[in-house]
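See structure below.
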Protein chains: 2
Amino acid sequence: MNTRSQPIDREKSYHHGALKGALLDAAEIVLRRDGLEKLTLRATAREAGVSHAAPKNHFDNLTGLLSDLAARGFERFNAEIASPGEAGDTQIDPKQGLREQGRRYVVFAKNNPDLFQLMFRNTRLDYTRSALKTASEAAFAGLTHGTGSASNKLDREGAVGVAFAWSLVHGYAMLMIDGQLNTITKRMIDEIDDMALLDALLGGASDQNTKKGPD
Amino acid sequence: MNTRSQPIDREKSYHHGALKGALLDAAEIVLRRDGLEKLTLRATAREAGVSHAAPKNHFDNLTGLLSDLAARGFERFNAEIASPGEAGDTQIDPKQGLREQGRRYVVFAKNNPDLFQLMFRNTRLDYTRSALKTASEAAFAGLTHGTGSASNKLDREGAVGVAFAWSLVHGYAMLMIDGQLNTITKRMIDEIDDMALLDALLGGASDQNTKKGPD
DNA sequence: CAAATTATATTGACACCGTCAACATATTGC
DNA sequence: GCAATATGTTGACGGTGTCAATATAATTTG
């Protein structure tokens with residue numbers, strides 16, 4: 001209770017200060033530690049050390065919390081997916097860039113499986129919420145940009161290209177997360193890593209000894 | 001509802017007769033009518049007209065009910081996906097057959113979105129349950145068979161082929177179900193149907209006037 | 001500076017959920 | 001007919017989201 005200097009010291013103050021951010025942090029912890037199923041309003045409040053109804057003031061309801069958390073996810077997603085060559089626009093090979101972007105897509109899903117499912121699973125998400133709306137739209141715009149269709153309008157060929165690339169990596173990520181990909185890798189003569197299979201799948205014949213798996 | 005001549009008259013009998021099947025039927029109704037989120041043990045029992053704890057005798061817990069329901073889904077899935085040319089083995093063109101199988105995959109997802117998500121979403125499913133185990137294994141075997149890799153063991157090329165085709169259609173189905181595909185179709189100059197886009201995506205240049213949509 | 005107002009957090013209640021134990025009833029085997 | 005078993009019901013528990021009522025902090029206002 002030694003509150004001094006700063007406006008509030010937290011710890012034991014009735015008011016928490018910036019609770020919204022703290023709740024999102026707490027939700028992220030719960031999501032990563034206990035999984036998407038256990039991510040509840042009350043668990044989040046518990047993790048943040050506040051009462052069970054405190055989140056209502058900041059998120060209205062569960063959908064609000066999940067949506068804002070998904071928005072955070074899309075921001076990270078954007079930062080990680082956007083090819084470094086996109087900012088500087090110094091691409092060596094457009095096809096190679098697309099492969100790299102697809103690889104990052106799957107890596108993100110592998111490293112953040114619960115967050116990934118939260119972001120792309122429709123249920124309990126409100127895409128009209130400003131935070132989620134802007135972040136997700138930026139993500140989708142980035143995807144179309146990555147396939148070469150920079151314009152806002154897509155012709156038939158461009159749409160097919162985007163849908164093709166997106167479906168491929170998204171399906172791979174989902175099958176991988178849900179464990180169904182094992183039904184393939186387990187039947188292989190010489191089992192290989194998830195990411196190695198992805199490289200073989202994306203690369204055509206990019207690299208032969210794709211035995212690396214830097215998670 | 002006027003069942004007679006049968007062993008029990010239902011309606012008001014304490015024992016229900018074949019409750020397990022009736023519960024699965026009820027669960028299917030709830031799933032289709034109220035969605036996967038609302039599919040609960042109690043809602044199923046309510047729909048079947050029995051007490052809230054009745055399902056426990058037949059399914060142990062919620063996982064049991066969902067798993068058995070998913071098993072039913074995989075059986076229907078198998079019946080619908082397996083190409084008619086597979087039994088008779090009278091395929092015109094293997095590539096054409098694969099396209100047709102992929103199309104059926106997406107059509108199944110479109111017609112049974114909640115069931116599809118139940119089947120392929122890992123959470124709350126127990127794949128070691130005999131019913132689900134056999135049905136799902138049959139489904140996965142059918143998929144590998146469809147891509148030409150009939151053997152139980154997959155070489156590198158075969159595995160890549162299966163993973164490629166599966167990821168493509170699975171991703172498309174998921175993006176379609178979750179509504180994210182709209183971000184593509186809405187940006188198209190001339191908007192087209194989900195299935196038309198799929199045809200263009202799968203077919204390469206199979207058919208030009210793919211405007212049919214027999215749902 | 002004190003009072004009024006607003007913002008924020010707590011408490012308690014409600015209906016729903018899955019799950020379990022205790023009980024009641026029907027079916028089956030002897 | 002009676003015991004044993006299978007099946008269904010009832011009631012309880014702790015968990016959940018959500019809401020209304022309350023309490024407290026922060027801010028504005030006079």
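Residue numbers begin at 1 in each chain, while the letters A, B, ... track the order of the sequences. Computed over heavy atoms, backbone and side chain alike; hydrogens, waters and symmetry mates excluded.
- Between the CG atom of Leu62(A) and the P atom of dG15(D) there is a distance of 18 Å, given to the nearest Å.
- Residue side chain Asn57(B) reaches the base of dG8(D) through a donor-acceptor N/O pair under 3.5 Å, judged by distance alone.
- Position along DNA chain C of the nearest nucleotide to His58(A) versus Arg42(A) favours His58(A) as the more 5'-ward residue.
- Following rounding to the nearest Å, His52(B) (NE2) and dA12(D) (P) show an atom-to-atom distance of 11 Å.
- The aromatic rings of Tyr105(A) and His170(A) sit perpendicular to each other, their planes meeting at more than 60°, with 30° as the lower class boundary.
- Atom CG of Asn61(A) is separated from atom C1' of dC19(D) by 12 Å (rounded to the nearest Å).
- Distance, Asp60(B) CG to dT7(D) P: 12 Å, rounded to whole Å.
- A 4.5 Å side-chain heavy-atom check between Met174(A) and Phe120(B) finds every atom pair outside the cut-off.
- Residue Asp25(A) holds its CG atom at 11.0 Å from OG1 of Thr44(A), rounded to the nearest 0.5 Å.
- Here the C1' atom of nucleotide dG18(C) and the NZ atom of Lys38(B) are 17 Å apart, to the nearest Å.
- For Leu39(B) and dC17(C), the CG to C1' distance is 13 Å, given to the nearest whole Å.
- Counting heavy atoms from C-beta on, the side chains of Leu39(A) and Leu69(A) come closer than 4.5 Å.
- Atom NZ in Lys56(A) sits roughly 14 Å away from atom C1' in dA9(C) (whole-Å rounding).
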